[in-house]
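The structure appears right after this line, and notes come after that.
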Amino acid sequence: MRLTGDPSSGNMNSSGSGNFLLVPIPEYPLLDCVPNKTVKIVVLGASNVGKTVAGRSSEVTPHVTMTPLLHQALIVRFLTKRFIGDYEANTGALYSRKVTLDGEEVSLQIQDTPCVALQDDAEGLYCQEQINRSIYWADGYVLVFSITDNSSYRTIQPLYQHIRRIHPSGNIPVILVGNKSDLLRARQVPVDEGETLATSLGGVYFEASARENHEGVHAAFIHLCQEVIRALGGGNGEKRRGGLHLARPKSPNMQELKRRFRQVLSSKGKSATTI
Ligand SMILES: Nc1nc2c(ncn2[C@@H]2O[C@H](COP(=O)(O)OP(=O)(O)OP(=O)(O)O)[C@@H](O)[C@H]2O)c(=O)[nH]1
């Protein structure tokens with residue numbers, strides 16, 4: 001991401017006065033993606049966990065408008081290596097980048113989403129349709145909670161079940177990220193609970209701080225990319241996860257027609273012999 005100011009100064013927090021504008025995170029033109037090597041990732045979680053800055057605009061555009069005293073996130077940390085203190089971004093932005101994974105160039109697409117919330121019964125989820133579409137679209141899932149917020153942790157299991165309902169079969173590459181690991185004194189979710197939950201989801205647990213550390217965030221995203229590549233079959237881009245295949249519709253009408261046709265033929269044959 002480039003600032004209209006001087007990004008090399010590293011001073012990207014919005015502590016200064018007045019609004020300022022970020023030009024878009026440099027986009028890798030979607031049409032120009034590495035053929036057949038695209039990894040699609042969606043970042044999901046409760047409100048205020050630091051996944052990205054979401055839920056504040058319905059405009060779908062990769063532009064990120066910075067205003068003071070707002071928020072920041074993991075996606076931006078991963079893409080820019082920087083922590084951007086306070087900003088407001090667009091919900092539903094799709095960021096695309098070229099990354100090198102195990103020596104191979106891959107087009108990485110990361111979908112920003114609005115937050116999800118537990119329903120009153122704490123089992124179901126309030127989940128916008130836009131999120132369902134993102135879940136359906138994605139190859140891999142970053143499930144984020146804040147280690148300082150137990151309720152965000154409790155959202156993860158229902159969220160995963162929700163993904164499972166959208167992709168009922170097949171391998172679901174997933175990582176669990178406990179963000180805000182810099183706030184140790186405010187910790188509400190112990191490390192082993194994160195690990196246990198991640199294992200039960202078939203993923204790996206990462207603790208990260210979008211605020212303090214790029215490496216943790218980077219390691220988490222890269223791990224997921226590698227999992228996705230594996231699940232897609234060595235990066236050849238084929239969608240092999242059961243849930244993402246639209247099953248070729250059987251043709252019950254054709255079969256029914258054939259059956260009836262046979263029935264008619266055999267009954268005609270019978271009647272012919274009885275005549
Ligand atoms: N201390 C600390 N604060 C963080 C970290 N990541 C995000 N925050 C802060 O947490 C708040 C929420 O961050 P957001 O990125 O808006 O969280 P979100 O998950 O996108 O929230 P929604 O927009 O409600 O979906 C902001 O005030 C951030 O500055 C972190 O690693 N450490």
Side-chain angles (χ1 to χ4, degrees), residues 1 11-16 19-20 22 25 41-95 110-118 125-135 138 141-156 158-159 162 175-189 191 194 205-221:
M1 182 183 288
N11 181 19
M12 296 184 58
N13 290 346
S14 61
S15 49
N19 295 354
F20 56 101
L22 277 182
I25 288 174
I41 285 176
V42 65
V43 181
L44 300 160
S47 176
N48 209 36
V49 297
K51 52 191 177 300
T52 50
V53 183
R56 295 185 180 85
S57 161
S58 58
E59 201 183 343
V60 179
T61 153
H63 292 73
V64 181
T65 306
M66 304 283 284
T67 56
L69 301 175
L70 295 170
H71 304 262
Q72 53 74 45
L74 286 169
I75 293 177
V76 173
R77 177 56 115 162
F78 172 66
L79 292 172
T80 67
K81 300 191 182 176
R82 290 181 168 90
F83 178 79
I84 298 177
D86 300 307
Y87 64 82
E88 181 173 35
N90 298 307
T91 301
L94 175 67
Y95 303 102
I110 304 180
Q111 179 71 56
D112 180 7
T113 62
C115 60
V116 297
L118 278 177
L125 278 180
Y126 292 111
C127 197
Q128 293 181 20
E129 187 49 36
Q130 176 191 355
I131 296 180
N132 294 335
R133 283 199 299 272
S134 299
I135 291 173
Y141 303 86
V142 181
L143 306 186
V144 188
F145 67 92
S146 164
I147 67 156
T148 66
D149 176 6
N150 201 39
S151 71
S152 70
Y153 172 79
R154 289 199 309 273
T155 308
I156 300 293
L159 181 53
H162 190 71
I175 57 167
L176 181 62
V177 177
N179 190 36
K180 306 197 184 182
S181 65
D182 55 297
L183 298 178
L184 282 177
R185 287 199 188 146
R187 183 190 278 280
Q188 292 184 359
V189 183
V191 176
Y205 180 55
F206 292 85
E207 283 209 348
S209 166
R211 179 180 292 273
E212 301 226 318
N213 172 303
H214 167 69
E215 281 72 29
V217 178
H218 184 79
F221 275 87

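Start at 1 and go down the list; that is how both ligands and their atoms are numbered.
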[X]: numbered ligand 1 atoms lying under 4.0 Å from its heavy atoms:
X      : value
Leu183 : 1 (N)
Val49  : 17 (O), 18 (P), 19 (O)
Asp182 : 1 (N), 2 (C), 30 (C), 31 (O), 32 (N)

Can you tell me if Ala46 has a non-hydrogen atom under 4.0 Å from ligand 1?
-> yes
Asn179 contact mode with ligand 1 (heavy-atom cut-off under 4.0 Å) | side chain
When rounded to the nearest 0.5 angstrom, what distance separates NE2 in His162 from CG in Asn132?
-> 3.5 Å
Would you give the length of the straight line joining atom CG of Asn179 to atom CG of Asp182, rounded to the nearest 0.5 angstrom?
-> 7.5 Å
Min over Ile147, Asn48, Val217 of heavy-atom distance to atom 21 (O) of ligand 1 lands on Asn48
Candidate with minimal heavy-atom separation from atom 31 (O) of ligand 1, of Ser146, Gly45, Ala210 = Ala210
Sub-3.5 Å donor-acceptor pair from the side chain of Ser152 to the main-chain atoms of Ser146, do we have one?
-> yes
How would you list, by chain and number, every residue that makes a side chain to side chain contact (heavy atoms under 4.5 Å, CB included) with Thr155, sequence neighbours excluded?
-> Ala46, Val116, Leu118, Leu125
Can you list the residues that meet the side chain to side chain donor-acceptor pair (under 3.5 Å) rule with Ser151, with sequence neighbours excluded?
-> Asp149
Nearest heavy-atom approach of Ser134 to Val42 is CB-CG2, 3.7 Å
Check whether any N or O atom of Ser181, backbone or side chain, sits under 3.5 Å from an N or O atom of ligand 1, and answer yes or no.
-> no
Does any N or O atom in Gly50 lie less than 3.5 angstrom from one in ligand 1, N or O only?
-> yes
Phe145 vs Tyr205 aromatic rings, parallel, tilted or perpendicular, using cut-offs 30° and 60°?
-> parallel
